[in-house]
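Comments concern the structure below.
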Protein chains: 2
Amino acid sequence: MKKIAAELGVSAMTVSRALNNHDNVDENTKKTIVETAKKMGYTPNRVAKSLVSSRTYTIGVVIPEISHAFFAQVVSGIENVTYEKDYQLLLTNSAEKFERENKALETLLAQQVDGILVSCSEETTDFSLLKRIIDTGKPLVFFDRCVEGIGASTVSVDDRNGSYNMTQHMIDHGYKTFAYLSGPQISTGKERLEGFRNALKDNKLDIKEEWIVESGFQEKGGYEAMKKILELPGDKMPRAVLAVNDPAAIGAIEAIEEFGYSIPDDIAITGFSDDIRARLLKCPLTTVYQPSVSIGRKAAEKLIKVIENKDEPAENIDLLTDLVIRQSCGCNK
Amino acid sequence: MKKIAAELGVSAMTVSRALNNHDNVDENTKKTIVETAKKMGYTPNRVAKSLVSSRTYTIGVVIPEISHAFFAQVVSGIENVTYEKDYQLLLTNSAEKFERENKALETLLAQQVDGILVSCSEETTDFSLLKRIIDTGKPLVFFDRCVEGIGASTVSVDDRNGSYNMTQHMIDHGYKTFAYLSGPQISTGKERLEGFRNALKDNKLDIKEEWIVESGFQEKGGYEAMKKILELPGDKMPRAVLAVNDPAAIGAIEAIEEFGYSIPDDIAITGFSDDIRARLLKCPLTTVYQPSVSIGRKAAEKLIKVIENKDEPAENIDLLTDLVIRQSCGCNK
DNA sequence: TAATGATATTTTAACGATAACATTATAATA
DNA sequence: TATTATAATGTTATCGTTAAAATATCATTA
């Protein structure tokens, strides 16, 4: 900018005004300045601008695992909105680790992001840093793995309800003995397990605690948890398995097949999230559809509202889930 | 920082030195300053620091489509490295559009990123902006969809070779008539098609141009391209189909099944990239494995080398592909 | 006791952009 | 012609941090 000013013998201020289309700049001067800027290959320095305005137009995102299809889709939804509203996206990965999540948050703050979108890691049970950030007034919105009641808005699906409906669906089709592959006991995982328990309770069915095994959110955990169940002593086996999400279900399917059982005839199984793989499986997976892109969009939209209007109230936004009945539950013959 | 300085009656400079562990600060002073900083909840302002140092420790990434499994994995590889080396990741999405790609690049420059990682959009044939950026000396590395020979390093797999090997594999198993679902004629797409053509030529097999149809990189395009082939007048049909990538192959499979043909007995098909879905398909897809995470890692590593040493030479890095033989090619009975 | 050296701290200026205020030039009015 | 309004441009100070230069403090030595 100074160079342009020097080149044309005007002040930097005039250049600034011309390039930002402010009032009271002579049309000719403006034209010359704009042309010279183009000719000299001027690129505005947002860092400097940010320092003055204390606005970076940047949103920080903390994701538990980028390469997971679900989160990739959420990010894509977030990006849709930030693109529309001219914000930038600073992406960080907690790799499901509490420590890394905290470090990521600190970094985002240091970067002076205008707001933060967080989905908690599997390990996160201590919300003190999150709470502190919210208390300072820094706009923050949770998505998917949310912490409710600490002052920030949340965007997720009604996990308990989705899980309840899926369980009810199975019960309606005559299944009586269930195993459950549970996630870690944070928001989403907890809610889904509760939905499962409630459905069984409401139908006066027994809950066999041995068959509720923590698998976590990933294939490997699902595989191992399922194996553990199949290896339990005694010859009783659950007739149906509900998994906390599709990756866990996909892992479990591998274990079930390894043991020589057939899906859904020996063991029926269902997932949660409608992963892109679900419909393509050899035995297509019955699952609960979660509007991943919408979750991202809603979360980003809410965050930007909070950023642009500090009085925007906090709210818990629940999107609707849908049962996607395919073959793995054995219900649609 | 000023507040801390005022609080303790020292100068801001001393605070800066203390917090950055510089020389010549009294141990006691340092300790008090560090404590007070913690107590007052001080977060460094990287925006200000960047303005002084003209380094943001931020890397910009331009991705054609975030929600695609392949790119999500690449991003995950990139993030591994940026995390290790303490850089931040600014993510942008070109949505396969040339215009958006250019806008993204401009924005990243304005954000003063230390370097840029780009994978070109399907539409990109005009490299002038990219070249201009490279010519200004801004570190830039291409990955996957690269532009060679304009001064920037590139990281991808040897697409031509991978495609050639796959074609040769099919020929070796007796297939003689091939259709090809091609990507757009940019780097990756072009190279793969050439590998296909070369293999046929080297084996003195005819290339039927009608059966080379542009599908693009996505499921829908694959579906439509395949349909077009199957609807061609005359009763000859290709015995095997090679797709430019797995999403296109997955789309094509849908079309093939819709027409009532069986895979691989009526029509064999192969993909490229080893999508997470490939092994789970009803008829598991034979494909070419691309080390997606490594591509991300290598690209990020190279970029950081260029950032930290302007004399780092440009190079074209080709990672190795591997044939993954499953059932869809009908070769392993 | 003054000079020297080492350590600790402060002052100043700068990074690039801009808000707020100040100035100049020009035209319109009294 | 003097006065005032208006448009166009300039000056200064600032955002938070830090490099570089300047100054202060104190112990050591000649």
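Everything quoted here is computed from the prediction, not taken from an experiment. Here is the naming used below: chain letters follow the sequence lines, and residue numbers restart at 1 for every chain.
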Without swapping roles, check the side chain of [X] against the backbone of [Y] for a donor-acceptor pair under 3.5 Å.
| X | Y | answer |
| --- | --- | --- |
| B/T58 | B/V113 | no |
| B/T56 | B/Q111 | no |
| B/S16 | B/A12 | no |

- CG-OG1 distance between B/L8 and B/T36, expressed to the nearest 0.5 angstrom: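 Nearest 0.5 Å value for the CG-OG1 distance: 4.0 Å.
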- Item | Working for side chain to side chain donor-acceptor pair (under 3.5 Å), residues B/T29 and B/T32 | CA-CA 5 Å; B/T29 319; B/T32 332; 5.9 Å; no
- Between C/dT9 (P) and B/L8 (CG): distance, integer Å: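 Going from CG in B/L8 over to P in C/dT9 covers 11 Å.
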- Item | Atom-to-atom span, NE2 of A/H22 to C1' of C/dA20 - whole angstrom |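 The distance from NE2 of A/H22 to C1' of C/dA20 comes to 13 Å, rounded to the nearest Å.
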Are [X] and [Y] close enough for a salt bridge, meaning some N to O gap below 4.0 Å?
| X | Y | answer |
| --- | --- | --- |
| A/E84 | A/R297 | yes |
| A/E122 | A/R145 | no |
| B/E35 | B/K39 | no |

- Task: Kindly calculate the angle separating the two end axes of the helix from C/dT1-D/dA30 to C/dA30-D/dT1, each obtained from five base pairs, and round it to 10 degrees.
- Result: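 That helix gives 80° between its end axes.
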- Which letters describe nucleotides 8-17 of chain D, given B = protein heavy atom under 4.0 Å from base, S = only from sugar-phosphate, - = neither? SBBB---BBB
